[in-house]
Amino acid sequence: MRIDVVTLFPEMVEHAAQFGVVGRALTKTLWSLALWNPRTFTSDPHRTVDDRPYGGGPGMVMLAAPLAAALKAARAAQAEAGCAVSRVLYLSPAGTPLTHARVTALNALARQGTGLIVLAGRYEGIDERLLMREVDEEIAVGDFVVSGGELPALMLIDALVRQLPGALNDAASAEEESFVDGLLDCPHYTRPPVYEGEAVPEVLLSGDHAAIESWRRMQSLGRTMARRPDLLAQRELMKGALTKEEKRLLERYQQKE
Ligand code: 9WO
């Protein structure tokens, strides 16, 4: 998988990509990363990348031309590296939401040879004409605004890379299936058996694997119902109504609460 990032702060992305699962996958060459700073594609003495918004208002808008030049370089580098096509992704609070399913779809595209170019903006935004001409998908990682697209871009990249075969160990990969099922994760416990007077749920110490699995499923269903009823509704559309067993587990969870 090949990812290029266009950003005014390449060091931020480069540095963050060195850690944990994502960094290990980079060392294993499961993916490769290249960074492009639009400032290096300017020719004026001040290396200008932004200007005041037409129509007035606060803040600055990123100029189209330096971004276009950076994107052109990224596309050329991806073609040189063997990518048949490139897909440009813009991280923005005005994008459509990133979901597990969307990550999986992008991961599949990238594995089939599409190079991903991730555009991270700063200031109040990017000239709309650049976005119109260059961007294939506008993606939001949540309904909030941050100071730039770099952290959202890193979230997208992390989600994409951890889905690559060999990025996670087999046990962890199987664990991932839980979100695929459209439910929130169950609670986790480790030693000590009693912490600050709070004991680990007895069933987890029982060695009864069927009972443990059933308890975890109950917790996932109960938490999803309590915290993210929208996910349960979505799951119902995808997979049909709750099974009798799932209804029974939810009732048992609600009795305990
Ligand atoms: C800045 C701003 C200031 C006042 C009123 C509204 C405003 N919106 C923005 C804004 O959207 N700034 C962006 C900063 C410009 C593009 C990059 N930035 C960004 C990306 N902030 N938050 C994101 C983002 C991306 C993906 N998912 C969630 C948030």
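Counting starts at 1 for both ligands and their atoms, following the listed order.
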Name the one of M1, R111, R2 that satisfies side chain to side chain contact (heavy atoms under 4.5 Å, CB included) with W31? M1
Among R217, K239, R252, find the one that has a salt bridge (Lys or Arg N to Asp or Glu O under 4.0 Å) with E246. R217
For R39 and T48, indicate whether the former's side chain and the latter's backbone hold a donor-acceptor pair under 3.5 Å. no
Identified side chain to side chain contact (heavy atoms under 4.5 Å, CB included) partner of M62 from the options D51, D127, L119, L8: L8
Non-hydrogen side-chain atoms of L184 and Q219 separated by less than 4.5 Å: no
If we count only N and O atoms by modelled type, under 3.5 Å, do the side chains of T104 and Q163 hold a donor and an acceptor together? yes
Name the residues in contact with ligand 1, where contact means a heavy atom under 4.0 Å away: which are they? Y90, L91, S92, P93, G121, Y123, E124, G125, I139, A140, V141, G142, F144, V145, V146, G148, G149, P152
